[in-house]
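Please read the structure below before turning to the comments.
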Amino acid sequence: MMGGEKRVHTISSLLLFFFLIYIPYPAIAKKGSSSSSSSSHVVKYSPVDNYLIDCGSTQTTVLSDGRSFRSEGQSSSYLSTSENIQASVTSLSDSIASNDPSLLSPSLPLYQTARIFVEESTYSFFIARPGRHWVRFYFFPLPHPSYNLTSATFSVVTESTVLLHAFSVPSNNALVFKEYLVNVSSDRFSLKFQPQSKSIAFINAIEITSAPDTLISDTATTVSPVGDFNGIFNYALEVSYRLNVGGPPLTPYNDTLGRTWQPDLSFLKNPLMAQNVSISPSIVDYPSTGASAFIAPNSVYATANEMTNANVANPNFNVTWEMKVDPSYPYLIRLHFCDIVSKSLNDLYFNVYLNGMMAAPSLDLSTITGSLHTAHYQDFVLNSSAVGHGTIKVEVGPASNVPSGTPNAILNGLEVMKMSNEAGSLDGLFAVDGSSVGSWFSSSKLKIAAAIGLGMGVMAMLLLASVFVRWQKRPPGWEKRNSFSSWLLPLHAGQPASFKSSKSWSRGGGLWSKSKRKSSNSGFNSSAFGLGRSFSFAELQVATRNFDEKGILGVGGFGKVYMGDLQDGTKVAIKRGNPSSQQGINEFQTEIQMLSKLRHRHLVSLIGYCDENSEMILVYEYMANGPLRDHLYGSNLPPLTWKQRLEICIGAARGLHYLHTGAAQGIIHRDVKTTNILLDDKFVAKVADFGLSKTGPSMNQTHVSTAVKGSFGYLDPEYFRRQQLTEKSDIYSFGVVLFEVLCARPVINPALPREQVNLAEWAMQWHRKGLLEKIIDSHLQGSMSSGSLKKYVEAAEKCLAEYGVDRPSMGDVLWNLEYAMQLQEASTRIDPPEDKSSFMALQPQKEDDQSMYATTPAQSMYATTPASVTSGDDSGLDNNSQLFSQMGGFQGR
Ligand SMILES: *[C@@H]1O[C@H](CO)[C@@H](O)[C@H](O)[C@H]1NC(C)=O
Ligand SMILES: *[C@@H]1O[C@H](CO)[C@@H](O)[C@H](O)[C@H]1NC(C)=O
Ligand SMILES: *[C@@H]1O[C@H](CO)[C@@H](O)[C@H](O)[C@H]1NC(C)=O
Ligand SMILES: *[C@@H]1O[C@H](CO)[C@@H](O)[C@H](O)[C@H]1NC(C)=O
Ligand SMILES: *[C@@H]1O[C@H](CO)[C@@H](O)[C@H](O)[C@H]1NC(C)=O
Ligand SMILES: *[C@@H]1O[C@H](CO)[C@@H](O)[C@H](O)[C@H]1NC(C)=O
Ligand SMILES: *[C@@H]1O[C@H](CO)[C@@H](O)[C@H](O)[C@H]1NC(C)=O
Ligand SMILES: *[C@@H]1O[C@H](CO)[C@@H](O)[C@H](O)[C@H]1NC(C)=O
Ligand SMILES: *[C@@H]1O[C@H](CO)[C@@H](O)[C@H](O)[C@H]1NC(C)=O
């Protein structure tokens, strides 16, 4: 630990310390200190950290502004990569299109060479002075014999910020310059270049440079209502626009901080309403606090745009600038003012509006600065809802409520900086670790839903706390019985994600691993388990296009489910455990073992796994038609017919029946719901997500004591009360599913009147009144045989019995549903739809379960009508070979 690395570190710190002492920190230039004619290039700034790299270049590149960029050889120590691919051209002038040459020419040499990355590659830099740093990127797709840089798609991330996500250069052959201001808080700063799968990354030049602390202050003004915005240092910034209003372009040569300022003409909404004014830059005065030569060089303050013919009788209009921005981010807007138009103090009062909202009413520069031609700037924050239309509009106009003064309005400089979003990203909703931030939370309706969820969460917390007490009194051998892991534990309404990571809970609850995560592959011998396939991580990267966010089927507490294409063309669903989740490799193995034992036509199959690189990835068959719920309500899919619904329920019941009875000890699913019943391309139902499953009670026990888990609306009230898990809890949930399929509405709908919120209660109420027909999905009306409906409802009703002992077994439910199916088929085969009464005769006279199943005519009928419902392989275990040839899919929750 105390080896060479540390020592080197100390020495370099010492060197930097001397560096700091001997190179004096620059002072701010005062008015008049510039005597030379080339004016602004006066104030010197020596950044503490200053990494300038001309990637792919064989020699040092010195720009006209004097800055020297290191060559590939001089910078190779910063880069960790597995390849060395470079591209270069001798002259760029033929290849470039558009852009303002006056702005670009100084940096043109930087674009002539590039470095290409085929795999993730990282630049890391030692940071001597934490704080804001400029990060500047230069991109130009140079020609290369084997790589097409124009089609390169890649992301660039720092330790905490996504700078670029799935970025590729525009197709118009323009030079691309990106500039960021990030606050680096440690002594390390890295830039990861991450090519998308089958693509590459490249970079022409990089700058990492300390910015003065005074550059970005922590506070700004909010608009409408005007107030304070604090905490800007928490945000990474990307420079979107930097305009020298009314003046010429300024290059790094003109700005001691190496900034580039564009002219504003192309952003003026109506150029005829504005006219430029200027003074000699040397006249510009900086106040003792606030604006300085670092905030903007004096050549910015020395020019402005004012109102055209402003001195006529009653001028009343605004000068307006408009800039296109990405509307989903907040923006920091910096306005630079300097009164270079007034002849005397207190003669200029004007209003400043941002996106139509008053930002600075009756701005009076004289009072603020105390003198003319003195620099002043103001920072504003516009939140993303204020940037709703993707435009930032800055307007200045005369203040009408001020009687004295010349009606006029000015602006000298304008900067627009994008602020990082909740995900710590400046490009997209994905965080550095690949997790995403639900943008949908912005809608108020969903906020209500979230509040309800939170309430339920609190409730569940109390419950879980009581379980914790029970855990203390757990019976011996508990752990062995509950070995089934919850590695795939999804997020549930009742279970905030933070809960899972709480250490004390995971230790106390014992539901999650107590074993620490070992290094991957440790002692895990897959072939010993006879599991389908072990996938390499690379293989899955290819299959998912490097876990492309576009291919996400679902997201849960465990991580994400991606759609993937294996090399043989098989479509799969790939569930990638969040590497930061606390579940251990042991459970991952248990999970795979457990899942691999479950083979059934009506259970979603595990195809393989990957445990390379500390990854915990499961590969499932892909289910083309997604969750059953999507076919019931809430999407625009065509409604399912009654027969289809029956088939699906029967399939799901078979899957559950197999879970309950197929394995030696029986498995309780614990989270039966319509989103966990998936449909393949032929609408065959398969039960998915055994993440919450537990092995059932062993022979001499009646139940398993455990924390209440599951989904609200489906949760067995008895289980909820007693925290004792039996198969009958699954039966209850399945009963809810049956009603959900029949009524096609959410099981919990908080928007409805109180008695209707819970589908199970509501449906039972109507059923007791004998009026269930009234709440049946209108798409089904008229197409169902009444006998079939009656049988179905009977089954559902029995499932919802208050006490588990009164509920039927899954086998019973299955028979009832198959019976309902027979009645339906008989009615469509023999009967015209308007007369279904004759089939009532098929109804068993006795409602007693046992005798009914033994003697009903329907049963014998079923026996002679083979496999009309499903393909009838109710035999339980599928053969591996069969299994892998029928791979379908799996959809996230
Ligand atoms: C490079 O990729 C771009 C965009 O995909 C494409 O338009 C262009 O034709 C490709 N160039 C070559 C030489 O393949
Ligand atoms: C965003 O800004 C608008 C206008 O300034 C304001 O009305 C709104 O409350 C702000 N929203 C948030 C979430 O800060
Ligand atoms: C950078 O962030 C730290 C907190 O992480 C803060 O204390 C510091 O003031 C910030 N620096 C700047 C220049 O924003
Ligand atoms: C200022 O205005 C004059 C006259 O309209 C124009 O010729 C000149 O280009 C403008 N300068 C800038 C920097 O916009
Ligand atoms: C900016 O720098 C260029 C040289 O690159 C110089 O010609 C020009 O006069 C400078 N402009 C100002 C406003 O100082
Ligand atoms: C200037 O712009 C603001 C905001 O869009 C608007 O309210 C005001 O009426 C405008 N003033 C004039 C004179 O058009
Ligand atoms: C894995 O198990 C198989 C079969 O039990 C055995 O042949 C093989 O040597 C084992 N491999 C390792 C790396 O332990
Ligand atoms: C249940 O049976 C197992 C062996 O099958 C035994 O070890 C255990 O003690 C029994 N539990 C109870 C509560 O009787
Ligand atoms: C697997 O399938 C083969 C032929 O496809 C069959 O002979 C064998 O009995 C099957 N095994 C099981 C366990 O079903």
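Residues: numbered from 1 along the sequence shown. Just follow the structure's listing: the first ligand is 1, and inside any ligand the first atom is 1.
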Any non-hydrogen side-chain atom of L257 less than 4.5 Å from a side-chain atom of W134? yes
Decide yes or no for H373 and Y301: does some side-chain heavy atom of the first lie under 4.5 Å from some side-chain heavy atom of the second? no
Given the options Q262, R334, M323, L414 meets side chain to side chain contact (heavy atoms under 4.5 Å, CB included) only with M323
For T150, is at least one N or O under 3.5 Å away from an N or O on ligand 1? no
Is any side-chain heavy atom of N318 closer than 4.5 Å to one of Y353? yes
Around atom 13 (C) of ligand 6, find the nearest protein heavy atom and jot down its residue, atom name and distance. N316 OD1, 3.0 Å
Atom 7 (O) of ligand 6 - nearest protein heavy atom and its distance: Y353 CE2, 4.3 Å
Which of the atoms in ligand 1, numbered in the order shown and given with their element, are less than 4.0 Å from a heavy-atom of N148? 1 (C), 2 (O), 3 (C), 8 (C), 10 (C), 11 (N), 12 (C), 14 (O)
May I ask you to list the atoms of ligand 4 that are less than 4.0 angstrom from any heavy atom of G246? 13 (C)
heavy-atom search around atom 8 (C) of ligand 6 in the protein gives N318 ND2, 3.7 Å
Counting from 1 in the order shown, the ligand 6 atoms closer than 4.0 Å to a non-hydrogen atom of F317 are 13 (C)
Nitrogen or oxygen atoms of E395 and ligand 6 under 3.5 Å apart: yes
Which protein heavy atom lies closest to atom 12 (C) of ligand 4, and at what distance to 0.1 Å? N276 ND2, 3.1 Å
Out of V396, D264, L411, which residue meets the side chain to side chain contact (heavy atoms under 4.5 Å, CB included) rule with N305? D264
To which protein heavy atom is atom 5 (O) of ligand 1 closest, and what is the distance rounded to 0.1 Å? S151 CB, 3.4 Å
Here's one to test your reading of the geometry: is the NZ or CZ of R576 within 45 degrees of the ring axis of F547 and under 6.0 Å from its centre? yes
Can you tell which of Y331, F267, W261 makes a ring-ring contact (aromatic ring centres under 6.0 Å, His included) with Y241? F267
